[in-house]
Amino acid sequence: MSPLQIKQGSSKHSAYDLRDPNAELIETHTLAVIVDNESGVLARVIGLFSARGYNIDSLTVAEVDHLGHRSRITVVTSGTPQVIIQIKAQLERMVIVHAVHDLTVEGPSVQRELALFKVRGKGEARIEALRLAEIFRANVVDSTLESFVFEMTGTPEKVDAFAELMRPLGLVEVARTGVAALARGA
Amino acid sequence: MTRQMTGAKMVVQALREQGVEVVFGYPGGAVLPIYDEIFQQNDIRHILVRHEQGAIHAAEGYARATGKPGVVLVTSGPGATNVVTGIVDALMDSIPIVVLSGQVPTFMIGSDAFQEGDTVGITRPCTKMNWLVKETDKLAETIHQAFHVATAGRPGPVLVDIPKDVQFATGTYVEKPKARTDHYAPRVKGDIEAITRMVEMIETAERPVFYTGGGVINSGPAASQLLREFVEATGFPVTSTLMGLGAYPASGKSWLGMLGMHGTYQANWVMHDCDVMLNIGARFDDRITGRINAFSPGSKKVHVDIDPSSINKVIRADVPIIGDVGHVLEDALKIWKARGRKVNREALARWWKQIDEWRAVDCLAYKPSATSIRPQHAVARLEALTKGMDRYITTEVGQHQMWAAQYLGFEDPNRWMTSGGLGTMGYGLPASIGVQIAHPQALVINVAGEASWLMNMQEMGTAIQYRAPVKQFILNNERLGMVRQWQELLHGERYSHSWSEALPDFVKLAEAFGCKGIRCDNEADLDDAIREMIAYDGPVIFDCLVEKHENCFPMIPSGNAHNQMLLGEAETQGVIGASGAVLV
Ligand SMILES: Cc1ncc(C[n+]2csc(CCOP(=O)(O)OP(=O)(O)O)c2C)c(N)n1
Ligand SMILES: [Mg+2]
């Protein structure tokens with residue numbers, strides 16, 4: 001709230017009350033955006049999010065079709081239903097965007113991210129970390145006498161849960177790729 | 001046939017193939033090869049402006065007066081940054097503009113070379129699309145794609161950045177029909193089911209209104225024709241945004257005048273009280289809606305727009321129709337006729353009775369002035385004395401712009417060019433030159449405020465060089481009038497920096513530029529002075545000294561609803577509450 005008690009609109013650029021009555025219903029959606037693999041494309045897509053005040057919870061991008069010159073941007077975003085629809089419409093009208101798939105509404109989907117965890121510790125803690133890693137199917141990809149680097153793929157929730165468990169056991173660093181997602185089925 | 005040529009030649013050849021007749025530009029180191037090619041041909045005319053901002057506004061005026069894309073050619077670095085305001089302006093008002101900018105050679109990009117600027121980076125958020133062309137082989141195709149993107153779907157500005165070595169190098173020219181453009185093909189036909197629902201609503205509406213916008217103009221003259229036919233056949237009232245003026249003729253009997261912040265009393269009441277709102281190519285801009293949650297509370301809304309992101313952005317549409325206005329109106333008219341041309345005549349008659357009562361308020365009435373000139377009167381006389389002429393109007397931004405919209409009548413599309421979405425002071429003079437270049441025989445008038453006009457006044461040099469007889473009709477209140485009005489209404493009459501104490505003598509300025517200057521300071525001499533301006537065969541700067549503290553009414557203060565209009569000087573102090581004060 002501003003000093004004048006003005007309700008901020010859903011866009012940070014607007015002091016108008018653009019909030020719909022369901023403003024409290026913030027939804028999280030995973031969008032797969034198929035774009036031309038050209039320079040500046042990612043900047044254009046990200047610029048849209050920052051210019052219009054949309055959230056980016058996670059973002060991954062890589063070329064997926066070399067011959068067709070296509071990249072896939074997977075973006076996890078959140079907002080009211082109206083904002084989510086706007087985001088999709090704004091993405092769809094971009095010249096470099098070929099398709100936008102809302103994996104959250106288009107049926108079940110598989111979501112995975114890769115994460116690396118560096119855990120420093122000795123004795124009991126170190127053994128406990130290794131035991132938990134086994135339960136989470138995390139692999140040891142680097143080790144010294146007083147540290148491990150674990151590698152794990154899973155849903156963001158699984159990654160979060162593992163990070164929580166590692167924290168008291170000497171977690172010093174985490175690297176995450178962000179979510180990659182595909183619709184289930186043929 | 002594959003043709004080999006230099007990049008610079010390709011630029012000219014691609015423009016030729018695109019049917020470009022005029023380029024507005026300014027040379028510099030990074031575009032010299034292109035200028036060399038321009039020198040050696042006669043198909044494409046180059047208009048040398050005095051500042052790159054002038055080039056892009058001129059191109060905007062040209063585009064809006066012709067329906068064709070406007071083309072701008074500038075050098076790297078400062079040349080490119082100087083067009084950024086115009087690019088944003090064109091984006092906001094959906095004007096097709098192709099900017100070609102020079103760039104330092106590819107092997108120097110990133111080295112902070114002389115006049116290097118990250119032009120594609122700077123313009124990325126404000127273009128529909130932009131390209132940095134790194135290979136001569138890709139240049140021609142990119143330019144063809146640029147024209148396609150600028151004009152297809154919702155029009156807008158695009159930019160092609162061309163490094164100098166790419167201009168010098170030789171490559172293969174790709175002809176227009178061979179350029180790949182198919183991947184960008186916005187939908188133009190509306191969904192027939194939705195259009196049928198729109199027709200059903202037309203058939204039963206008791207208090208309908210056509211709310212039309214710039215989309216009708218952008219769709220082309222046929223869309224305006226269809227709109228006129230629909231309005232006449234249904235007998236529905238019609239209002240328009242600032243951008244849509246001229247789509248329906250101001251002399252038409254169903255015309256309510258412009259709507260919105262400075263719209264007419266009747267137009268805003270009709271919007272507020274209607275039961276069926278037919279939004280044809282407008283975007284529910286905040287100047288139009290006022291307070292969102294009080295906007296037309298009892299109506300069902302149809303929204304026709306070629307841009308899916310316009311739908312439900314601000315106001316929820318009950319019947320969204322994504323498509324080109326012309327196509328949708330054509331289908332709607334066809335379906336409505338096939339179903340028997342039904343409307344609710346009885347209810348309509350009642351609606352018009354109500355509308356006539358609102359009209360009787362005569363919200364644009366003003367009193368003459370004995371001591372100076374009422375600005376409204378100046379515009380009204382301009383209207384009376386130029387009516388029926390082959391006339392084009394541009395404006396600057398401020399009170400004079402709103403008075404022009406209120407007191408001038410537009411009978412046809414493409415005759416009114418004003419900076420709506422961005423509100424760019426300095427737009428009008430260069431835009432008037434662009435219009436005049438497109439229509440050399442027409443009467444082109446820039447209705448200006450003295451402050452805005454000074455922002456790009458150097459372009460008088462361009463007008464004179466190219467014998468563009470533009471008329472600069474300056475409503476000189478020696479104030480940043482619109483700013484002053486807001487300060488009066490919501491900042492306790494503290495006129496912080498809203499007047500100019502050192503204005504030039506506009507008549508002498510005209511003489512210095514080599515054109516005609518006219519000054520008028522009373523209503524008795526006004527008609528003769530305006531006639532003199534019209535009759536003069538060349539550019540004129542008309543210094544019309546108007547009332548300094550006149551306010552522009554009606555006015556819906558920011559944050560208020562359509563039915564909370566201020567009509568006159570009566571009680572204006574403190575009418576804008578704290579919540580309205582933070583709005584723009
Ligand atoms: C480039 C730019 N700077 C500032 C503004 C803010 N602004 C809007 S209207 C206005 C005053 C315009 O004065 P003038 O051209 O004399 O027109 P008047 O309102 O007096 O008719 C200003 C400063 C703007 N619209 N554009
Ligand atoms: Mg002024």
Side-chain angles (χ1 to χ4, degrees), chain A residues 1-23 34-54 65 68-70 79-100, chain B residues 118 120-121 123-134 138 142 145-146 148-150 152-154 156 158 161 180-181 183-187 284-287 289-295 305-316 320 322 558-559 577-584:
Chain A
M1 288 264 197
S2 70
L4 289 160
Q5 304 297 302
I6 305 302
K7 278 190 286 180
Q8 282 293 323
S10 57
S11 156
K12 67 175 176 174
H13 295 291
S14 172
Y16 291 73
D17 186 9
L18 298 177
R19 297 201 302 184
D20 58 276
N22 312 323
I34 312 302
V35 297
D36 284 328
N37 182 20
E38 278 169 20
S39 75
V41 167
L42 185 60
R44 206 167 249 284
V45 171
I46 293 174
L48 170 74
F49 278 77
S50 65
R52 294 189 184 260
Y54 306 144
D65 174 1
H69 227 63
R70 298 288 156 85
T80 63
Q82 192 187 353
V83 167
I84 299 282
I85 291 170
Q86 256 300 297
I87 292 173
K88 289 190 274 184
Q90 292 286 355
L91 284 169
E92 262 160 8
R93 74 171 182 150
M94 297 182 106
V95 177
I96 36 96
V97 170
H98 291 268
V100 178
Chain B
D118 178 9
V120 286
T123 59
R124 192 172 289 126
C126 55
T127 47
K128 238 184 120 176
M129 185 62 193
N130 63 9
W131 298 262
L132 169 64
V133 182
K134 289 184 175 163
K138 292 220 173 113
T142 305
Q145 284 170 345
H148 172 70
V149 170
R154 181 177 179 172
V158 299
D161 203 24
R180 280 167 304 142
T181 51
H183 73 284
Y184 181 67
R187 166 174 179 174
F284 294 113
D285 178 78
D286 56 64
R287 301 289 101 161
T289 59
R291 198 166 82 232
I292 296 282
N293 57 11
F295 176 68
D305 203 303
I306 198 160
D307 180 356
S309 75
S310 286
I311 307 247
N312 292 332
K313 180 172 66 180
V314 180
I315 296 289
R316 244 172 243 285
I322 297 165
S558 285
S579 60
V582 296
L583 306 179
V584 286

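Lettering of chains follows the sequences in order, A, B, ..., and the numbering in each one begins at 1.
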Handout entry: Interatomic distance, A:Ile46 atom CD1 to B:Arg124 atom CZ [nearest 0.5 angstrom]
Key = 10.0 Å

Practice task
Working to the nearest 0.5 Å, report the span between CG of B:Asp307 and CD of A:Glu92.
Solution key: 11.0 Å

Under 4.5 Å from any heavy atom of chain A - which part of [X]:
X        : result
B:Ile311 : backbone
B:Val149 : side chain
B:Thr181 : neither

Exercise for the section: Please examine the side chains of B:Arg154 and A:Arg93, heavy atoms only from C-beta on, and report whether any two atoms are closer than 4.5 Å. Expected result: yes

Exercise for the section: Would you check if B:His183 and A:Val95 make a side-chain contact, meaning some heavy-atom pair closer than 4.5 Å? Expected result: yes

Handout entry: Side-chain donor or acceptor of A:Gln86 paired with backbone N/O of B:Ser309 under 3.5 Å
Key = yes

Handout entry: B:Arg187 atom CZ, over 12 foreign heavy atoms within 6.0 Å
Key = yes

Practice task
Mind ranking A:Arg44, A:Glu38, A:Met94 by heavy-atom pairs under 4.5 Å with chain B and telling me who comes out on top?
Solution key: A:Arg44

Exercise for the section: Select, from B:Leu132, B:Thr127, B:Val120, B:Ile315, the one with the greatest count of heavy-atom pairs under 4.5 Å involving chain A. Expected result: B:Thr127

Handout entry: Taking every non-hydrogen atom, the tightest pair across B:Asn312 and A:Gln82
Key = O-NE2, 2.9 Å

